[in-house]
Amino acid sequence: VRFVGRRYDTVTFLSDYGLEDEFVGVVKSVIRDIARHVAVIDLTHGIAPHDVRAGALTLARSVQYLASGVVVAVVDPGVGTDRRAVAVEVAAGEGVFVGPDNGLLAPAVALAGGAGRAVVLTNDEYQLAAPGATFAGRDVFAPAAAHLCNGVDLAELGDTVDPGLLLPGTVPLARSEGGGLAAEVLWVDRFGNAQLNLGTEDVAAWGDQIRVRVGDTTRVATVTQSYGELGAGAIGLVVDSYGLLALSLDRRSAADALGLGAGDAVRLEPLTDGGEDDRVVTPTHLAPPQRRR
Amino acid sequence: VRFVGRRYDTVTFLSDYGLEDEFVGVVKSVIRDIARHVAVIDLTHGIAPHDVRAGALTLARSVQYLASGVVVAVVDPGVGTDRRAVAVEVAAGEGVFVGPDNGLLAPAVALAGGAGRAVVLTNDEYQLAAPGATFAGRDVFAPAAAHLCNGVDLAELGDTVDPGLLLPGTVPLARSEGGGLAAEVLWVDRFGNAQLNLGTEDVAAWGDQIRVRVGDTTRVATVTQSYGELGAGAIGLVVDSYGLLALSLDRRSAADALGLGAGDAVRLEPLTDGGEDDRVVTPTHLAPPQRRR
Amino acid sequence: VRFVGRRYDTVTFLSDYGLEDEFVGVVKSVIRDIARHVAVIDLTHGIAPHDVRAGALTLARSVQYLASGVVVAVVDPGVGTDRRAVAVEVAAGEGVFVGPDNGLLAPAVALAGGAGRAVVLTNDEYQLAAPGATFAGRDVFAPAAAHLCNGVDLAELGDTVDPGLLLPGTVPLARSEGGGLAAEVLWVDRFGNAQLNLGTEDVAAWGDQIRVRVGDTTRVATVTQSYGELGAGAIGLVVDSYGLLALSLDRRSAADALGLGAGDAVRLEPLTDGGEDDRVVTPTHLAPPQRRR
């Protein structure tokens, strides 16, 4: 009795495959061949090659918005070695994450409420035979996802594993340091916004003008709710769509202007701490910024 | 009684989000979560960041080919400010355009026969609550489109506005100037074809050899129906798939060769006007180029 | 009696259109407008402009994984000239290839078992009228594909042609040369793996250490089953997902490191032939590499 599982109609697909080659298309062809009723949503395939951390953060940002179903995530530099391929249930079966057990899935699984059942994809009955071991997306992950969509139970796909033994992901935390905050750029988006690992609550006591140090550069940034409220050339700490602070400029790339990339260190300090280069000596206390729609 | 509207099964989606980040995937996830029956067609997400004009021209070129349904268009540098988010019916409800009221939608709406009913998307019952105001595609436009597809009537989404008060778009017109035409590059495509704001009728009286001035460069271009008819290195004014003239080379980028980008000025003149650098003194009158299939 | 053909529910779509312009979206809109039930799978649109060979190789690599249905392939520098537009049945009607008759389809058709019926797309009843002849994807190929999906018989679309008269494709073969093999790079993927036109059987007699000559550079490469088995900086001949050998590095681009692009020549030689620069004088005989899952 194989078809005891729940059926799914949606596969969400993230990878570092890019769109220049046929990898993504072939994965989707394999899914369609097995499970004709499924719609595949490309979350993104623009993760930098082998950048497991960027893939994990992208999944984590997105997970609350994903349609119920199977999520296939492939950033997999260890493909073909003994890293494990896994499927992990979340939210009482509302969703299943399928991918390599290399930390890629872990933050999203945690945000989805933690892992329920988990299996290692060892049952090659639900895999494609292949002349080489380098394309697990096609040969292992896509068939697993499609068969899950068809109602094949998770337990059929391989050996059950203790979800506590899956490789954890690491999300960098900011830390207090001498009256300031040592933060990190999580993500630079297409528009050049540099998302920090800080929320508004972390800097709420400092008012809406905050000193920002990047390498040897020091700037004063304004906490705001939109890019358009910033004056030309003014650095903002914009509350982004995930509630985190992002270094931004209006219609320009803050990351380019500040020379920032993902993983770079950024230091935030209150203007009132007497830093040597304070340009705003008595910051005005402003009402909390208004949220405009 | 909310579900009095027509149901739609297709959302066409254009943006400047690019495909490197998860923006496009998240928008599609939100649509799928609300309206499971809808197919989303990506028109393109390669509009240059914040380039409202390029987005508007792309929509205008495409509109006659779009499947009936909802069109979501997002090139939105003013997101989070007081620019309005709108939905505009066209063609007696065959289609609805959803996006910012910043001129992006206007040319396409006009080409679709003009605006019918229009609303400002003020009803937050049909929006996602969000911790920040910077991702209206996810929080405002995608839910609006999905609910429209489900049969929610346009009037439910917010306050009705006079469509005559929507921000108009601007499509640059070529103008006659001293016996020639002062034209502009509307679009450079992937192949390096530089589409001008001129049709064949505009140059019909000049024969099929036309002088082209770009900055200090002067060339003679041949009006033709295909790239392959051009000799190696010969500049063509090819009648493109929208019936406009595009500066083209066979299997090479004319934009690169001539140093052209969107918005650049191009001057066209008849060869017979005695220009100082005529290289074809007595242009042969040729039969009109044959359309080959 | 037009609807005598088999109906299809899937169109697979490959092109050199890129994703920056609206070409791909418009083709999909046209298909949806005509055949609402069809899902379109983008194989890739990242083929370099006009690179018929790369498109043909991509189709050939993918064909065995494609869902049954119609395949639209457009790399078409001769659009608008007298090159023929064709539709070619394969596998007793399991699939139909639609595209220009310029060698693009031929290798995939051959791998799918060879051509069955074939027609030239001359019936303009199944095409869109258009003001220019440069966008056959929109005006000729998309409508043909959509009508085929609706059950229009192939023979309706135009004049039958002898499939033996379709333009053949050329897949470069490696050749023996002085005790070595003169091979060629078929494809460089996003990760910098340089696929050669050689399989493991071609080098099986040479052990798993093989001399590789690229221009003036000579390296010793290890035949292996995964990137992760290679040491840092070690060149591998990895058995790729198609069973061919690819020059690879672990987590780095071998193509960049070796200066390789598609079409470049690569010479492979056994280490035991006494080449002047042997660095491994007595290659150890190793057990065949283990395939790990």
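Below, chain A is the first sequence line, B the second, and so on; all start at residue 1. Keep in mind the model is a prediction, meaning the values are calculated, not measured.
For residues 187-199 of chain C, the set of pairs meeting the salt bridge (Lys or Arg N to Asp or Glu O under 4.0 Å) definition, not counting sequence neighbours, is empty. Residue pairs that meet the salt bridge (Lys or Arg N to Asp or Glu O under 4.0 Å) test with at least one member in residues 244-255 of chain C, sequence neighbours left out, do not exist here.
Scanning residues 23-33 of chain A against chain C with a 4.5 Å heavy-atom cutoff picks out A/F23, A/G25, A/V26, A/K28, A/S29, A/V30, A/R32, A/D33, ordered by number. Of all residues in residues 230-237 of chain C, none places a non-hydrogen atom less than 4.5 angstrom from a non-hydrogen atom of chain A.
Contact annotation for C/L14: neither backbone nor side-chain heavy atoms come within less than 4.5 Å of a heavy atom of chain A. For A/A48, the part lying under 4.5 angstrom from a heavy atom of chain C is the backbone only. Neither the backbone nor the side chain of C/V40 comes within contact range of chain A, judged by heavy atoms closer than 4.5 Å. In this structure, the portions of C/Y65 lying under 4.5 Å from any heavy atom of chain A include both its backbone and its side chain.
Checked against the 6.0 Å centroid criterion, the rings of A/Y17 and A/F135 qualify as a close aromatic pair.
Without hydrogens or angle criteria, A/E156 side chain to A/D153 main chain gives no donor-acceptor distance under 3.5 Å. Of the possible donor and acceptor atoms, none in the side chain of C/D16 sits under 3.5 Å from a partner among the backbone N and O of C/I47. Remark: the backbone N or O of A/P100 is not paired with any side-chain donor or acceptor of A/D76 at under 3.5 angstrom. In this structure, C/N197 contributes its side chain and C/P172 its backbone to a donor-acceptor pair below 3.5 Å.
Among the candidates C/T200, C/V239, C/V238, C/T12, the residue making the largest number of heavy-atom pairs closer than 4.5 Å to chain A is C/V239. Taking C/L66, C/D42, C/L244, C/D240 one by one and counting their heavy-atom pairs under 4.5 Å with chain A, the maximum is reached by C/D240.
A cation-pi contact links A/R138 to C/Y242, judged by a cut-off of 6.0 Å to the six-membered ring centre and 45° from its axis.
Listed here is the closest heavy atom pair of A/A145 and A/V72: CB-CG2, 3.5 Å. Contact detail for C/A35 and C/N150: the closest heavy-atom pair is CB-OD1, 3.5 Å.
Considering C/S248, C/S241, C/S253 in turn, C/S248 is the only one that fulfils the side chain to side chain donor-acceptor pair (under 3.5 Å) rule with C/N193.
Inter-residue side-chain proximity for A/T160 and A/R117 is flagged as unmet; no heavy-atom pair is nearer than 4.5 Å.
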